[in-house]
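Chain identifiers are assigned alphabetically (A, B, ...) following the order of the sequence lines, protein sequences preceding nucleic acid strands; residue numbering begins at 1 within each chain. Computed from a predicted model, the values in this text were never measured in an experiment.
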Number of protein chains: 2
Amino acid sequence: MNRRAKLKDIAEALNVSITTVSRALNNKTDINPTTKQSILAMAKELNYKPNNLALSLRKSSTLNVVGVIVPHVKHYFFSTLLEGIMNSAHEMNYFVLLGESLHSTDREKKVLDDFSEHGVSGVLIAPCKHSDFNKNVLPIIHRRTPVVVMDRMYDNYNGNFVNTNDFKGAFEAVSHLVQSGYKRIAHIASSDSWSIGHERIKGYKEGLRQHGMPIDENYLSICNFNNKEEGAEEGYRACHKLFSLKEPPDAIFSVTDDIAIGVYQYAQENNISIPNDLGVVGFSNSEISKYLNPPLSTLEQNGKKMGEMAFDFFFRALNANGQIFQKSFKPELIIRGSSVLPK
Amino acid sequence: MNRRAKLKDIAEALNVSITTVSRALNNKTDINPTTKQSILAMAKELNYKPNNLALSLRKSSTLNVVGVIVPHVKHYFFSTLLEGIMNSAHEMNYFVLLGESLHSTDREKKVLDDFSEHGVSGVLIAPCKHSDFNKNVLPIIHRRTPVVVMDRMYDNYNGNFVNTNDFKGAFEAVSHLVQSGYKRIAHIASSDSWSIGHERIKGYKEGLRQHGMPIDENYLSICNFNNKEEGAEEGYRACHKLFSLKEPPDAIFSVTDDIAIGVYQYAQENNISIPNDLGVVGFSNSEISKYLNPPLSTLEQNGKKMGEMAFDFFFRALNANGQIFQKSFKPELIIRGSSVLPK
DNA sequence: TACGTTTACGGCAACGTTAACAAGCAGCTA
DNA sequence: TAGCTGCTTGTTAACGTTGCCGTAAACGTA
C-alpha cells in the first residue's frame, strides 16, 4: 500500500499550489468553483485524509479529543456515564482520552496535567472525593479549555456541569417511605463534607420535616467508604449500630445501593424481614439492585443520559464564548419490593 | 502565566543553538558535559516540557497513546480489564484512547480506523462477537502498529494475546459439579461459532467425558445474547426448555453469570431449590454473583491482571521486533452456596 | 610542519498544515 | 490610457522538534 496522500500530492497532480488545495478542502472563499471541484475530485481519488498530527501542531491543540476522568471506571454509574459520553463523542467524531483518579486528588491532578500537556480540546471530570478545584481544575479553565463537571459539585462552582439532583432524590425516597407507612426512618449517609453526601442529608431531613416527622440525630449514621466492598461493610456496621438503639428504625434510606447491600446482609443474619420489619431504599439503581431479594427500591441516576449531555455541553461550550451550561437531573424513584408493606 | 517554554527559549537564554539544546535534553552524544549541565539547569528553571504535538508530527505517530477498544465498558469484566490497562498505562506515562464496539463489527472497524488516523502507538482490542480480523485488525498490523488481542481469540491468530483459558474453566466447573454429587449436568452455552462459546462447550464435554458421564445433546442449550438484560432472559428461556425435558438436569453450568441470573429467576418461580434441586455454576465472577441468594459459584477471570499484562505485552512488543507475547489465564473456581449439596 | 582525527557545536530541512501577505489579471471607470 | 477593483492564485513563514550534514578548533601523529 502507498503512503497516505497529502495536500502536496493533490497539488502536484493538478498543477496548483498547496495553499489552493487547502482552500478548496476547507471551504474557504477566494477560490474558483471549477478549481475547487477538480481538487475535491482528486482528493477523493487519492483518498485524501487530513493529517491530524500536523493539524494538532498547527492549531496547538489536539484535534477532536476530550479528556474524561472518573474516580473508578468499574463503578456501574461511571461506566454508564462513560457510555453516554462515548456515544455522543463517537457521533461527533471525537476521541475519548480516559483517566482514573481512584479517589486520589494527587493522581487526579497528574492525569489532568497530562491531559493538558496532550492538548485535549476539552475536559469532562467526575471529581474524586476530596478533589481540589483550585489546584486541579482551575489551571485548565485558565487555559481556556472547556470543562464540564459531572456527578458532583464543587462549592461555589459556577461553570458547566451536569449532575444529579441529590436533594430531590433523597426527598422523594423519604416521602415514599413515609407514604408506605414507615414511622422511624433512618439515613445511612455519606460524609456531609462533599456535595453528594451533603445534599442527600439535606433532602432526607427536609423530607421528614415536610411530613411532620421528628428529626432524630441518632437515626443519621454517617459513614465513610470509597468502593463497593467497603460500602457493604460500612452499611453492615451502620445497620448494626442503628439496631442497637433503644428504638431501632423501621426503615432505612441508604445513600448508595452498595451500602444497602450491607443492610440486607445484617437483616438476613438477624432475621429482620425486608420489607415487613424494615423498609429499604437505596440510591443509583446499580445493576445489583433488581436481583437482590427482595428487589431493592432505589433511585435511577441515568448515567448514560448525563454522559451524553455532558459531552453535548462541552461541544457547545467550544463555540459559545462564555456561555455556561448547567443541568441537574432529577433522579427517578424505582419502587421495588424492599419498601412496600404488604397490605 | 507565560506561555510554555520551548527549546528556542532555552537556546536564547544560553546563547547556544536549538540543536544543542535538543541534544542535551535527549541524552545525545556530541555535547560537552558542562554545556549539557547548564542546559539542563536552564530547562528546569524555565520548567521546560517537550511539546507532544510537535513530537508527534516529527515522529509521525502520537506519542505515548494506546487505543483500547472493548464491546461494552459497562460490563464488569471489561471495566476491570480497563482498570488494569489504565493502571499500567499510567505507570508508564501512557494515555488510553477509549472506544466501544457495542458488538458491531462495523463500528469496531470505524473506531480502529480512527485510532490509526490518530496515530496511536498501539492497539489493545477485546474483539466484538463477530469481529472480522482481516478487515478490522490486519490493516493495523500492516502499519506495524503493535496489537494485543484480549479476552477472546481469532481463528488461527498467532500474534500477541491475553485471554482466559475457557476450556480449563469449563472443565473445572463441570468437575466441581460432578464432585458435588450432581448427576445430570446441563450447559447453557453461548454460540459455538466464537472462541469463548466454543471453548467452554469443549471444556464442558471433556469434563463429562473424563468423569465417565454420558453426553446428552439435549442438555446442551445454546443461546444468543449481547448484553446483560438479554442474558438473564435467555437464561430463563433456556432453563424453561431444560425443565420441559422428560428428565430435567440437576445441575447447570452457565456460560455467564448473567445467564445464571435467569436460571435463578426460573428456579424461584418454579420452586426449584438451589442448590438442593439444582446446582448452578456461572462464569466470570461478576459483582452480582456473591450477592445472589444463594451466592453463585463461578469462575473468576481476573480482568485487572489481564489488563495489566495486555499493556505490558504491548509495551514490550514496541521494542522487541517480531517477538510475540501470549498468555492464557486459568480462571479460578470460586465455590459458593449454589453448587454444594448440604450433607 | 602538515595532515588526519576527534570534539562540540550550528545551520538547514523536514514532518503536513494553514494564515497572512503578495501578485497577476481581467474588467471597469474617469 | 492610467488607475482602481475584485477575483483567483501563489509565496512565505510558522507551529516545535529532531536528523543530517557541515565545520571550526583542538589535539595527535609522523
Within the structure provided, determine whether Ile125(B) and Met150(B) are in side-chain contact (heavy-atom separation under 4.5 Å). no

Can you find a pair of side-chain heavy atoms, one from Ser121(A) and one from Tyr94(A), that are under 4.5 Å apart? yes

How is Asp30(B) classified with respect to the nucleic acid when contacts are heavy atoms under 4.0 Å: base, sugar-phosphate, or nothing? base

Tell me what Thr20(A) touches on the nucleic acid: a base, only sugar-phosphate, or nothing, going by heavy atoms under 4.0 Å. sugar-phosphate

Mind calculating the distance between [atom1] ([X]) and [atom2] ([N]) to the nearest angstrom?
X        : N       : atom1 : atom2 : result
Asn32(B) : dT6(C)  : CG    : C1'   : 13 Å
Ile10(B) : dG16(D) : CD1   : P     : 13 Å
Asn52(B) : dC15(D) : CG    : P     : 18 Å
Leu25(A) : dT9(D)  : CG    : P     : 14 Å
Leu53(A) : dG16(D) : CG    : C1'   : 13 Å

Show me the protein contacts with nucleotides 24-26 of chain D, counting only N or O atoms at under 3.5 Å.
none

Filtered N/O pairs between nucleotides 17-20 of chain D and protein, under 3.5 Å:
unit_1, atom_1, unit_2, atom_2, d
dT17(D), OP1, Tyr48(B), OH, 2.4
dT17(D), OP1, Asn51(B), N, 3.4
dT17(D), OP2, Leu7(B), N, 2.8
dT18(D), OP1, Asn26(B), OD1, 3.3
dT18(D), OP1, Asn26(B), ND2, 3.1
dT18(D), OP2, Ser22(B), OG, 2.8
dT18(D), OP2, Asn26(B), ND2, 3.3
dT18(D), O4', Arg58(B), NH1, 3.1
dT18(D), O2, Arg58(B), NH1, 3.0
dT18(D), O2, Arg58(B), NH2, 3.4
dG19(D), OP2, Lys28(B), NZ, 2.5

Residue whose nearest DNA chain D nucleotide is more 5′ - Leu57(B) or Asn15(A):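 Counting from the 5' end, the first nearest nucleotide belongs to Asn15(A).
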
side-chain hydrogen bond (donor to acceptor under 3.5 Å, both in side chains), paired with Gln301(B), selected from Asn163(B), Thr164(B), Thr80(B): Thr164(B)

Separation between OG (Ser56(B)) and NE2 (His118(B)), nearest 0.5 Å, reads 8.0 Å

Under-4.0 Å side-chain N/O to phosphate OP1/OP2 contact, Thr35(A) with dT9(D):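 Yes.
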
Residues in salt bridge (charged side-chain N to carboxylate O under 4.0 Å, His left out) contact with Asp113(A), at least two apart in sequence or another chain: Lys109(A)

Is it the case that Arg152(A) places NZ or CZ above or below the six-membered ring of Tyr154(A), under 6.0 angstrom from the centre and within 45 degrees of the axis?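 Yes, Arg152(A) and Tyr154(A) form such a contact.
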
Is it the case that Lys327(A) places NZ or CZ above or below the six-membered ring of Phe325(A), under 6.0 angstrom from the centre and within 45 degrees of the axis?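 Checked: cation-pi criterion not met.
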
Look at the aromatic rings of His72(B) and His103(B) and report parallel, tilted or perpendicular, splitting at 30° and 60°.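 Ring orientation, 0 to 90° scale: tilted.
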
Sole candidate of Val120(B), Val66(B), Val65(B) that passes side-chain contact (heavy atoms from CB on, under 4.5 Å) when paired with Phe115(B):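 Checked Val120(B), Val66(B), Val65(B) against Phe115(B); only one passes side-chain contact (heavy atoms from CB on, under 4.5 Å): Val120(B).
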
